[in-house]
Visitor: 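What follows is a single structure, and I will ask about it in a moment.
Lettering of chains follows the sequences in order, A, B, ..., and the numbering in each one begins at 1.
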Protein chains: 4
Amino acid sequence: MQSHDEKGTGMTEKTPGRPRDAAVSRKLKDTALRLVRDKGYDTVPISAIIAEAGVSRQSLYNRWSTKAELVLDAFYDDSFTRVAQPLPRPDHRGALATFLADIFAHLAENGAALRSLIAAAQADETFRVAFHDRFVAPREEIVTQLLHEAQAAGELPPGRDPELLSAFVHGAFWYRLLNGQTLDDTWARRIADGVFGP
Amino acid sequence: MQSHDEKGTGMTEKTPGRPRDAAVSRKLKDTALRLVRDKGYDTVPISAIIAEAGVSRQSLYNRWSTKAELVLDAFYDDSFTRVAQPLPRPDHRGALATFLADIFAHLAENGAALRSLIAAAQADETFRVAFHDRFVAPREEIVTQLLHEAQAAGELPPGRDPELLSAFVHGAFWYRLLNGQTLDDTWARRIADGVFGP
Amino acid sequence: MQSHDEKGTGMTEKTPGRPRDAAVSRKLKDTALRLVRDKGYDTVPISAIIAEAGVSRQSLYNRWSTKAELVLDAFYDDSFTRVAQPLPRPDHRGALATFLADIFAHLAENGAALRSLIAAAQADETFRVAFHDRFVAPREEIVTQLLHEAQAAGELPPGRDPELLSAFVHGAFWYRLLNGQTLDDTWARRIADGVFGP
Amino acid sequence: MQSHDEKGTGMTEKTPGRPRDAAVSRKLKDTALRLVRDKGYDTVPISAIIAEAGVSRQSLYNRWSTKAELVLDAFYDDSFTRVAQPLPRPDHRGALATFLADIFAHLAENGAALRSLIAAAQADETFRVAFHDRFVAPREEIVTQLLHEAQAAGELPPGRDPELLSAFVHGAFWYRLLNGQTLDDTWARRIADGVFGP
DNA sequence: GTGTAAGCGAGACGGTACGTCGTGTCTTGGA
DNA sequence: TCCAAGACACGACGTACCGTCTCGCTTACAC
């Protein structure tokens, strides 16, 4: 629940002057999250966010340089972000299917916003990196880890390439998401089966 | 080399008045293509395209409603668009690797633009559909077809799911592209091997 | 009733493209004039002018670079601007008094605006020059001319210095105006008497 | 060398708490004076003054409500402000010329700032009054007094109107100043001659 | 001494205004 | 009807000041 992108608050060193008002950050992130979910990323102008949040323009720019960064932070704070749910061990195939099904369930609410974040990432390299580090990489790591464990447990044939399979899994996920296709439990199962084999 | 998106030219019905100047369309598409490749999709304003093309604003809007549609058309015209290169039959695994390697080679030049098109597609549903129908689906179909043939030829185990594998292939491609990772011959081979098994 | 400051319309050469809409200029100048008269020069933001005029921001900047230039043009167009009322010849002292009394009468309505224009002129040299050339100098010239004629007619002693006396006249006017003091017929008479001697 | 406008220090009543730091006032006035002289009144934002002075924003607002008041105070402190130099008696015409020449000499350095103070006075009535009381009225009084004495001494014809002549003198001064015209010894002499007659 | 009250540097904060940019529609004159 | 040129309404942007506020600290005086 703590921010990563906010400017100048990297460390907790004591700074002179009036401290940033946490409520302002809170309101901005909450409003941004809500508006982006409701109307979509680029339909929402910055002015709308600050107006709804009842906050001054400068207060936003004091914290974030871009709408993208604000929204990224907002999503990170959001529960959607919980990433590290422990996966049940014995059945790795089922674990993967469940993990994917969970993510897909969240996309019902956040899919549009996630798509717009991916889109925004294509126009801004530093944002892309931040987005990758905080959202993409952790999830990919989880799957890669799971596949390695499955291989160690003999559930996945030793010849398979976990990194590649992880890219397959996330790729299939992104590909369908960005092409406006459905992502449901069936697809989660199908992907898991495709990875572990018939 | 013929346009699909251009407005009002679907049929060759006789219209009264002065006919559209094909050179204008040509200049617009060429300029759009060049500028987008050079500076990126959303760095290039429409004003810049018409200025460079030496064409009036209205002439553009007579043909396309959006920058996205123009650029889509421009890319469609471009050689990058050739999609249906015949695949050599006997070795399907190798055919897939070659097919991917070809695409990846084109991305060296067009990757950035393609990414921005995918990004633009996230904000505009009708554009997304057009983009999908003209760029995404054909290529996916090629791979699906190839996998089916490979299965028929016994090169791919019968238990495998060609549609899913096709999603894996394109997903891996998109995933790496959109995350700014390299796509080279090695990856093409690795993907093909991942699909056909070790 | 024709503008001097409007950009790019110095000559009546035929320009290609859609011509400027005279109604837009009209509305801008009228609104600017009214608002400045009512609320004072720097109390009126540009945004208020364009909002009231129902005109786009760019349309204003197409014509004038500054609020100052717009307002100056607006005042120039205004009847307040009529400057060259012919002065009755025989009685030069009375003519001067009448001329001043006329101006003072106009100040009842425009005094505040004139003060704010003078103030604005102090911050912007080019505006100051424009203001001087179009408003100040013509009036000073009238008085100087009148004094010369009076001198020729023997009404003003030959030893007097018309340029200086003209500066005295306008100076007294400005001095009282800018110091918030009254300017009425009595003062007009008093100034005229001071110039021509008892 | 003592301030008039500073808030809350009118009397020397004992106030509890830490007393104001005179050095802060000093630094503010000095910096304001210097910056305004160098770059002009409205080119200098308050932020620049406090930054240069190394003083906090609040410390300024503790003392003055406006940039205008601060600058007014700064100028009042400045040597330019010395107003009451005794005038030599016998030759009143020469005394006036000298008085004006002195003022004009100071304007070489302070003219721009004085103009901007006059400008600021047009937008703020209470400031206008303060400015008038401290800068304008005293000087006008000196001249009026001098003219009365000259009249008593028979140097100025009894029919002349000292108040009007004083307005002439200062008016001519302001008029030329605000219109960006030169003010030098020649003009001082010319004005004096105009007042006393040939 | 200790408490109280204000000054002080620093900087956040809600505002307001600014001038620029981009978009899609429109209105000229001429082809 | 097309075309080049450019005006137009609209809406968003990021910046600049302003005057107020809230921190933590310091400085005086009163008790």
Visitor: Which salt bridge (Lys or Arg N to Asp or Glu O under 4.0 Å) pairs, counting each pair once, include a residue from residues 41-56 of chain C, with sequence neighbours left out?
Guide: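 Found C/Arg34-C/Glu52.
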
Visitor: For nucleotides 25-31 of chain F, give me one character per nucleotide, 5' to 3': B if any protein heavy atom sits under 4.0 Å from the base, S if the only such contacts are to the sugar-phosphate, - if neither.
Guide: -BBS---

Visitor: Between C/Asp21 and A/Pro16, name the one whose nearest nucleotide on DNA chain F is closer to the 5' end.
Guide: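 Whichever sits nearer the 5' end wins; that is C/Asp21.
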
Visitor: Can you tabulate the close N/O pairs, meaning under 3.5 Å, that link protein atoms to atoms of nucleotides 15-21 of chain E?
Guide:
residue, atom, partner, partner atom, Å
E/dC18, OP1, C/Ile46, N, 3.3
E/dC18, OP2, C/Ile46, N, 2.8
E/dC18, OP2, C/Ser47, N, 3.3
E/dC18, OP2, C/Ser47, OG, 3.2
E/dG19, OP2, C/Tyr61, OH, 2.3
E/dG19, O5', C/Tyr61, OH, 3.3
E/dG19, N7, C/Arg57, NE, 3.0
E/dG19, N7, C/Arg57, NH2, 3.3

Visitor: Using the rule side chain to side chain contact (heavy atoms under 4.5 Å, CB included), only one of B/Asp73, B/Leu33, B/Ile50 pairs with B/Leu28; which is it?
Guide: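 For B/Leu28, the side chain to side chain contact (heavy atoms under 4.5 Å, CB included) test succeeds with only one of B/Asp73, B/Leu33, B/Ile50, which is B/Ile50.
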
Visitor: Rounded to whole angstroms, how far apart are NZ on C/Lys27 and C1' on F/dA7?
Guide: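 So the NZ-C1' distance, C/Lys27 to F/dA7, works out to 13 Å.
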
Visitor: What is the distance, to the nearest angstrom, from the CZ atom on D/Arg63 to the P atom on F/dG19?
Guide: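 Answer to the nearest Å: 17 Å.
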
Visitor: For B/Leu60 and F/dA4, give me the distance from atom CG to atom P, rounded to whole Å.
Guide: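 Distance, rounded to whole Å: 11 Å.
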
Visitor: To the closest 0.5 Å, what do you measure between OG (A/Ser56) and CG (A/Asn62)?
Guide: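 It is 7.0 Å, given to the nearest 0.5 Å.
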
Visitor: What's the spacing between D/Phe75 CZ and D/Phe131 CZ if we round to 0.5 Å?
Guide: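 Answer rounded to 0.5 Å: 9.5 Å.
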
Visitor: Check the distance between E/dT23's P and B/Glu69's CD and give it to me in whole angstrom.
Guide: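 It works out to 14 Å between those atoms.
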
Visitor: Could you give the CD1-to-C1' distance, from B/Ile50 to F/dC3, as a whole number of Å?
Guide: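 To the nearest whole Å, that distance equals 12 Å.
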
Visitor: Rounding to a whole Å, what distance do you find between A/Trp64:CH2 and F/dG14:C1'?
Guide: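 My rounded result for the distance is 17 Å.
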
Visitor: Nearest 0.5 Å please: distance from the CZ atom of D/Arg115 over to the CD1 atom of C/Ile118.
Guide: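 Spacing of CZ (D/Arg115) from CD1 (C/Ile118) equals 11.5 Å.
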
Visitor: Quick one: D/Asn62 CG to F/dT22 C1', roughly how many Å, whole number?
Guide: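 For the pair D/Asn62 CG and F/dT22 C1', the rounded distance is 14 Å.
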
Visitor: Can you tell me if A/Lys67 has over 12 outside heavy atoms packed within less than 6.0 Å of its NZ?
Guide: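 For A/Lys67, atom NZ is crowded (more than 12 foreign heavy atoms under 6.0 Å).
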
Visitor: Salt bridge (charged side-chain N to carboxylate O under 4.0 Å, His left out) for C/Arg26 and C/Asp30? Distances and angles first, verdict last.
Guide: CA-CA 6 Å; C/Arg26 187 72 275 130; C/Asp30 289 352; 3.2 Å; yes

Visitor: Give the rounded distance in Å between these two atoms: CZ of D/Arg20 and P of E/dA5.
Guide: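 One finds 18 Å between P of E/dA5 and CZ of D/Arg20, rounded.
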
Visitor: Side chains of B/Arg20 and B/Ser25: any donor to acceptor distance under 3.5 Å?
Guide: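 Note: B/Ser25 and B/Arg20 side chains miss the donor-acceptor criterion.
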
Visitor: C/Phe127 vs C/Tyr41 aromatic rings, parallel, tilted or perpendicular, using cut-offs 30° and 60°?
Guide: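 It falls in the parallel class, under 30°.
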
